[in-house]
J.: 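Before I ask anything, let me first share the structure, which is written out below as structure tokens.
Convention: sequence-line order gives letters A, B, ...; per-chain numbering from 1.
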Amino acid sequence: MEYHFRDIEEKWQRQWIEQGVYQVSEDPTKPKFYVLDMFPYPSGAGLHVGHPLGYIASDIYARYKRLKGFRVLHPMGYDAFGLPAEQYAIEHGVHPAESTQKNISTFRSQLDKIGFSYDWKRQVNTSDPNYYRWTQWIFLQLFKSWYNRKNNRTEPIDTLVKIFDQEGNIQYPIPNSQFQIPDFPHVTFTAESWKGFSEKIQQSILMEYRIAYCGYGEVNWCEGLGTVLANDEVINGLSERGGFPVEKKRLRQWYLRITEYADRLLQGLQTVEFSEAMKEMQSNWIGKSSGAEITFDLLTTDSALLKDRNPQLEVYTTRPDTLFGVDFMVIAPEHELVDLITTTQQKDAVTQYIAYVNSRSERERMAEKKISGVFTGAYAIHPFNHQKIPVWISEYVLAGYGTGAIMAVPCGDERDHKFARHFNLPITNIIGDLYNGEEANPTKDALLSNSDFLNGRKMKDAMEEVISQLEALGKGKRKINYKMRDAAFSRQRYWGEPFPVRWKDGIAWPLEESELPLELPHVKSYQPGQEGEGPLSNIPEWTEKHLETNTMPGYAGSSWYFLRYMDPHNDHTFCDKNISDYWGQVDLYVGGTEHAVGHLLYSRMWTKALFDLGYIGFDEPYRRLLNQGKIGGDSRLVYRIRGTNDFVSHGLKDSFETDELHADVNLVDGLELDMEAFKKWRPEFSGATFQLEEGKYFCGTRLEKMGKRFFNVVNPDEVVMRYGADTFRMYEMFLGPIDQDKPWDTKGIEGVHRFLKKLWRLFFDELKGKIVTTNKSTPAELKVLHRTIKKIEEDAERFSFNTSVSAFMMCVNELTDMKCHKREILEPLLVMLCPYAPHVSEELWHQLGNTSTIIDAAFPKLEEQYLVESSKEYPVSINGKLRTTMQIDLSAEHTEVEEMVMANTVIQKWLDGKLPKKIIFVKGKMVNVVV
RNA sequence: GCGGGUGUGGCGAAAUUGGUAGACGUAUCAGACUUAGGAUCUGACGCCGCGAGGCAUGGGGGUUCGAGUCCCUCCACCCGCACCA
């Protein structure tokens with residue numbers, strides 16, 4: 001009997017489905033465990049061998065936890081809304097719902113072949129109205145809530161209305177000054193004036209507090225995609241998807257008030273197990289810094305406006321201690337004071353400069369950082385020594401961060417230093433010898449000089465001193481700042497969740513819950529509407545009802561999907577509280593690093609909001625995050641002599657002038673090109689001729705991203721067809737540490753396949769058939785088993801799947817050498833192997849006489865008593881150098897101390913009775929003698 | 001520039017708290033069984049050396065009886081962020 005993996009895998013996959021063995025329900029008597037994969041976007045390209053890497057790891061862990069007696073929730077679904085489906089629709093005229101459905105079937109059949117233990121009854125699809133109904137519902141909860149900074153939590157907007165009725169907004173100022181309410185210049189108001197406002201004004205004010213809100217703001221507009229993008233979807237001024245240029249534009253947008261959660265998102269990182277890199281990325285994105293906001297009075301010679309309004313310049317700095325090193329001020333070109341303070345003399349220069357700045361695109365500004373700027377003619381007054389400080393304008397100061405204005409300290413800040421040098425501005429040295437006159441020194445450890453009342457003080461102490469002095473003068477205050485901005489939450493696209501919002505007289509009204517889901521209408525054209533409106537604005541039936549024409553972004557559905565898996569068919573609520581109390585946090589979340597600042601932050605924020613509102617019982621969604629590495633492609637290159645159709649083998653290419661072309665990896669065996677297949681591959685190669693080495697054509701190689709354009713995509717289906725799912729699973733794990741990037745190399749897969757065949761031969765002999773015996777095992781055999789159990793268990797707990805596979809291989813090698821076919825040994829081995837190679841272990845388990853369709857034995861428990869060998873071989877080193885070994889008779893069981901005493905005796909004999917200075921015993925494994 | 005990570009045979013990699021470095025697998029070489037082998041099995045395989053032995057974990061230094069592992073320093077590569085005041 002041979003190892004017919006295809007029959008076996010087909011058989012068990014069928015049984016698993018028929019008997020629904022991986023369906024799971026709540027069982028309060030058992031501990032739970034939630035293992036989740038980041039669900040895929042079902043693209044048309046299907047899976048390549050890189051995708052399943054994380055899925056296999058999580059599947060192994062899920063199966064392992066099941067064997068340990070846990071109720072394991074292990075679901076899968078599809079993140080199905082998004083741009084590519086819509087772009088495909090524009091190009092091919094296929095409705096996104098259709099192409100998405102088709103892609104999902106492809107994904108599903110590919111996943112099924114690998115033998116995952118998902119509970120498919122719980123599958124979610126974010127583009128399904130039964131799903132996005134609840135996405136819309138949660139949006140409404142966010143819309144109907146505000147962030148109470150005093151209680152530090154999300155609260156229903158009614159509580160805010162009540163407060164306004166009683167005391168106005170004195171205690172609760174408008175959170176974000178970026179937006180302005182039309183026809184309403186006030187910032188604070190009393191209860192009386194609140195009651196006197198028109199409904200429109202009241203609603204506009206409330207909008208400024210809502211967690212999901214609509215307003216005008218600077219957004220990332222991408223003309224190429226015809227939509228607005230969130231900050232994390234823009235990379236170096238280009239759209240993440242498609243690589244189109246992105247520009248700033250002022251548009252009406254929906255936003256999520258994620259900035260209110262900034263501190264909690266930061267704090268929460270301390271309670272979860274994410275990699276340091278991941279935590280770092282998130283906290284960088286949030287970008288918390290603490291410092292001071294300092295107010296400077298302004299002085300200008302001839303501005304009439306200034307006299308009346310007495311404006312002041314607010315700057316934000318993290319280094320208030322350097323206040324006496326300020327040599328000039330810089331404000332952003334977009335700063336509101338620009339027009340106000342510019343003197344007539346400087347007017348032309350400033351206008352010219354602003355024009356220059358406007359002519360530079362966002363991209364140019366980032367790509368080439370030029371030193372540029374212009375003097376406004378105005379001066380700021382130092383709050384302590386009352387000196388005049390010139391105010392400049394420069395593009396290196398960003399309007400969006402802090403107050404859009406800085407105090408420049410050239411001796412301590414590199415950018416300020418360069419600016420000062422470029423424009424020949426004086427540089428005050430406040431750090432003595434630590435400033436060399438050549439470049440800025442951003443030290444925090446200097447003793448201050450030239451700093452008035454701070455002279456001789458340590459910088460760190462001076463910070464506190466300056467802030468309290470400023471506060472006393474009313475010229476500044478302590479201030480915490482964040483880089484993170486509120487998240488743009490609307491897209492001018494078709495293929496997304498419609499907003500459950502109706503507009504009436506410029507006021508957004510939420511739909512009733514009974515009106516959900518607000519289904520996406522079918523459209524024929526996906527062209528955008530007027531002035532930044534989405535395709536929905538072209539549908540009369542839609543606009544007649546005054547429904548919002550934007551749709552939600554891709555991250556809406558993925559921000560809460562982990563909750564829906566718990567209770568996927570509930571028609572009354574998004575997820576029953578009792579059920580989410582049982583399953584709780586995701587215990588293990590597996591996925592790539594690319595979602596560090598997008599999906600992960602948004603879903604953390606939604607979880608906090610839902611927690612605050614009492615819908616769930618935890619405020620961090622993911623307890624532990626495992627980032628699998630990427631699998632790269634190993635491309636194959638061929639060399640064509642320039643201007644001909646003649647190809648030379650890799651070793652000969654240097655003798656010719658050649659062009660390097662990619663050959664499809666599937667046409668190459670190892671390095672050897674299948675020339676006939678190559679000719680048939682593409683018409684332009686049909687007449688190709690080859691110059692060979694040793695009768696063969698060898699290709700060159702290069703490691704690249706796995707993708708269509710490099711022709712290096714390896715499809716898991718083909719690997720599974722050739723070697724079987726179990727081999728594929730084990731091999732992907734064997735490639736290396738799960739969190740490391742690595743190239744796909746099909747060569748090594750043979751070794752894993754050999755292992756499975758070898759395992760099979762422990763049970764079956766070609767001639768004799770089944771050879772498993774019920775004989776009692778020997779101590780040596782038990783030792784092999786026990787060591788393997790220990791290793792596999794430890795490896796599973798620390799996600800070291802590659803070393804686990806090695807341990808299996810070694811175990812089977814040793815058992816083969818011992819000719820061990822004993823049931824007592826093989827049975828536990830199969831149980832352990834089950835997570836890695838579920839099909840073959842199930843089949844062999846079945847052959848052993850256990851008729852269960854899923855191995856339900858607990859993970860083998862390691863017996864406490866290790867078997868003691870009859871003798872122990874100690875390595876001995878003397879003075880840490882010379883090494884030899886020493887045999888100690890251990891025919892009986894001894895304690896470690898007794899072993900040491902014996903070793904001591906032997907050593908003395910060995911040293912001819914001479915007493916060693918010191919004998920060091922190391923973990924009962926080794927002895928070091930110091931003579 | 002800032003932050004994070006990695007550096008070990010021809011290659012992928014092991015070494016869990018400092019304790020016989022290179023497990024396991026590939027590749028290569030030699031051999032066995034075979035009509036045959038892309039099946040299976042055995043052996044060799046870090047470098048130098050006939051050998052005993054010596055040298056080896058990116059380079060240099062340190063702590064220790066003992067360092068891939070800990071400390072200092074330099075170098076290389078990868079990833080993320082980047083005019084954030």
Side-chain angles (χ1 to χ4, degrees), chain A residues 2 235-236 275-285 287-289 291 315-319 322 330 332 365-366 369-371 394-398 400-409 412-416 418-419 442 481-484 593-594 596-597 629-630 669-670 730-731 734-737 739-752 754-755 757-758 761 766 790-791 794-795 797-798 800 802-813 816-817 873-881 883-885 916-923 925-931:
Chain A
E2 265 185 77
I235 304 197
N236 287 330
S275 69
E276 281 310 310
M278 189 58 67
K279 289 186 181 180
E280 196 65 31
M281 272 189 245
Q282 291 204 11
S283 40
N284 278 348
W285 184 263
K288 181 176 181 171
S289 65
V315 303
Y316 172 72
T317 178
T318 54
R319 297 298 302 275
T322 60
V330 188
R365 218 165 140 169
M366 284 188 203
K369 290 167 189 168
K370 283 189 190 162
I371 300 172
S394 175
E395 57 179 335
Y396 85 90
V397 171
L398 306 175
Y401 183 77
T403 59
I406 62 157
M407 56 178 224
V409 183
D413 184 283
E414 199 194 324
R415 293 154 302 173
D416 298 345
K418 281 184 180 153
F419 193 85
N481 224 324
Y482 298 95
K483 271 197 259 181
M484 188 167 67
T593 50
E594 64 273 20
V597 291
K630 281 189 263 302
D669 180 16
M730 291 195 88
Y731 181 57
F734 186 68
L735 276 174
D739 52 359
Q740 224 168 71
D741 289 352
K742 49 207 155 237
W744 175 262
D745 172 19
T746 307
K747 276 194 167 177
I749 202 169
E750 299 281 353
V752 175
R754 247 170 244 155
F755 156 76
K757 286 195 277 191
K758 221 164 167 177
R761 287 198 299 270
E766 247 177 88
K790 188 161 184 265
K791 178 88 178 130
E794 284 168 358
D795 286 350
E797 292 296 347
R798 62 191 176 105
S800 180
N802 56 330
T803 53
S804 270
V805 176
S806 292
F808 279 124
M809 289 180 173
M810 191 152 68
C811 178
V812 165
N813 283 348
T816 304
D817 287 349
E873 196 166 290
Y874 277 97
V876 178
S877 69
I878 296 178
N879 285 345
K881 259 202 154 183
R883 286 201 185 98
T884 179
T885 58
K917 234 189 233 161
K918 201 157 119 194
I919 301 177
I920 302 158
F921 293 88
V922 185
K923 294 181 203 167
K925 263 163 87 185
M926 186 187 165
V927 182
N928 193 328
V929 184
V930 187
V931 198

J.: For a quick check of understanding: with a heavy-atom distance under 4.0 Å over all strands, which category does A:Leu735 fall into, base, sugar-phosphate or nothing?
T.: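 The answer is sugar-phosphate, as A:Leu735 gets under 4.0 Å only of primed atoms, P, OP1 or OP2.
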J.: In whole Å, what separates the C1' atom of B:G4 from that of B:A82?
T.: 14 Å
J.: Please report, rounded to the nearest Å, how far the C1' atom of B:G3 is from the NZ atom of A:Lys279.
T.: 15 Å
J.: RNA chain B: A:Glu280 or A:Ser806, which has the more 5' nearest nucleotide?
T.: A:Glu280
J.: Over how many whole Å does the gap from A:Lys630 atom NZ to B:C78 atom C1' extend?
T.: 11 Å
J.: Which residue, A:Lys483 or A:Gly736, contacts RNA chain B at a nucleotide closer to its 5' end, judged by nearest heavy atom?
T.: A:Gly736
J.: Compare side-chain N and O positions of A:Lys757 against OP1 and OP2 of B:U40 and report whether any pair is under 4.0 Å apart.
T.: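 Checking A:Lys757 against B:U40: at least one side-chain N or O falls below 4.0 Å of OP1 or OP2.
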J.: Taking OH from A:Tyr401 and C1' from B:C81, how many angstroms apart are they, rounded to a whole number?
T.: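 Those two atoms, OH and C1', are 14 Å apart.
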J.: If I pick the P atom on B:G38 and the same atom on B:U17, what distance separates them, to the nearest angstrom?
T.: 44 Å
J.: Quantified in whole Å, what is the C1' atom distance between nucleotide B:C75 and nucleotide B:G60?
T.: 10 Å
J.: Quote, to the nearest angstrom, the P distance that separates B:C81 from B:U64.
T.: 44 Å
J.: Out of B:G3, B:U42, B:C24, which nucleotide sits closest to the side chain of A:Asp817?
T.: B:U42
J.: Is the phosphate of B:G25, meaning OP1 or OP2, less than 4.0 Å from a side-chain N or O of A:Asn802?
T.: no
J.: Parallel, tilted or perpendicular: which describes the rings of A:Phe755 and A:Phe808, with under 30° parallel and over 60° perpendicular?
T.: tilted
J.: Keeping the roles fixed (side chain from A:Asn481, backbone from A:Ser289), state whether a donor-acceptor pair exists under 3.5 Å.
T.: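 No; zero donor-acceptor contacts below 3.5 Å.
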J.: Base, sugar-phosphate or nothing for A:Pro737? Non-hydrogen atoms, less than 4.0 Å.
T.: sugar-phosphate
J.: For B:G9, does the glycosidic angle fall within 90° of 0 (syn) or outside that (anti)?
T.: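 Syn conformation here, the glycosidic angle of B:G9 being no more than 90° from 0.
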J.: Report the distance from atom NZ of A:Lys742 to atom CG of A:Asp739, rounding to the nearest 0.5 Å.
T.: 7.0 Å
J.: Heavy atoms under 4.0 Å, any strand shown: does A:Val397 hit a base, just sugar-phosphate, or nothing?
T.: base
J.: Of the nucleotides B:A85, B:G4, B:G25, which one has an atom closest to the side chain of A:Met809?
T.: B:G25
J.: Working to the nearest 0.5 Å, report the span between CE of A:Met407 and CG of A:Asp413.
T.: 10.0 Å
J.: B:A85, OP1 or OP2 - any side-chain N/O from A:Tyr316 closer than 4.0 Å?
T.: no
J.: Using 0.5 Å steps for rounding, measure from the OG1 atom of A:Thr803 to the NZ atom of A:Lys791.
T.: 4.0 Å
J.: Hey, could you give me the OG/CE distance between A:Ser804 and A:Met730, rounded to the nearest 0.5 Å?
T.: 8.5 Å
J.: Looking at the side chain of A:Arg798, which of B:U16, B:U26, B:U42 is the nearest nucleotide?
T.: B:U16
J.: Could you work out the separation of B:G3 and B:C72 based on their P atoms and round it to a whole Å?
T.: 15 Å
J.: What's A:Lys791 touching, base or sugar-phosphate or nothing? Going by heavy atoms closer than 4.0 Å.
T.: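 Touches a base.
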J.: Figure out the CZ/C1' separation between A:Arg754 and B:A27, and round it to whole Å.
T.: 11 Å
J.: Which is true for A:Asn813 with a 4.0 Å heavy-atom rule: it touches a base, it touches only sugar-phosphate, or it touches nothing?
T.: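 A:Asn813: backbone/sugar contact only, no base atoms under 4.0 Å.
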J.: Please give the distance between the C1' atoms of B:A52 and B:G59 as a whole number of Å.
T.: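 Each nucleotide's C1' atom is 31 Å from the other's.
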J.: In whole angstrom, what separates A:Met278's CE from B:C81's C1'?
T.: 14 Å
J.: Starting from P on B:C79, measure out to CG on A:Asn284 and report it in whole angstrom.
T.: 17 Å
J.: On the 0 to 90° scale, with breaks at 30° and 60°, tag the A:Tyr396-A:Phe419 ring pair as parallel, tilted or perpendicular.
T.: tilted
J.: Look only at the side chain of A:Asn802 and the backbone of A:Leu735, and say whether a donor-acceptor pair between them is shorter than 3.5 Å.
T.: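 No.
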J.: Let me know the distance between OH of A:Tyr396 and P of B:A85, rounded to the nearest Å.
T.: 13 Å
J.: Starting at CD of A:Glu395 and ending at P of B:A85, how long is that distance when rounded to a whole Å?
T.: 19 Å
J.: Regarding A:Asn284 and A:Lys483, is there a side-chain donor-to-acceptor distance under 3.5 Å anywhere?
T.: no
J.: Once pairs are restricted to Watson-Crick or G-U wobble with both distances under 3.5 Å, how does RNA chain B read as a dot-bracket string, [ ] for crossings and | for other-strand pairs?
T.: (((((((..(((......[....))).(((((.......))))).(((....)))..(((((..]....))))))))))))....
J.: B:A85, B:G4, B:C41: which one has an atom nearest the side-chain heavy atoms of A:Glu276?
T.: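 For A:Glu276, the side-chain atoms sit closest to B:G4.
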J.: Quick one: which of B:A13, B:A85, B:G80 gets closest to the side chain of A:Gln740?
T.: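 The answer is B:A13, which lies nearest to the side chain.
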J.: Taking the basic N atoms (NZ, or NE/NH1/NH2) and the acidic carboxylate oxygens, is any pair closer than 4.0 Å for A:Lys418 and A:Glu414?
T.: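 Yes, charged N to carboxylate O under 4.0 Å.
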J.: For B:A44 and B:U26, measure between their C1' atoms and round to the nearest Å.
T.: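 About 16 Å, rounded to a whole number of Å.
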J.: Could you tell me how far B:G22 sits from B:G9 if I compare only their C1' atoms? Round to whole Å.
T.: 7 Å
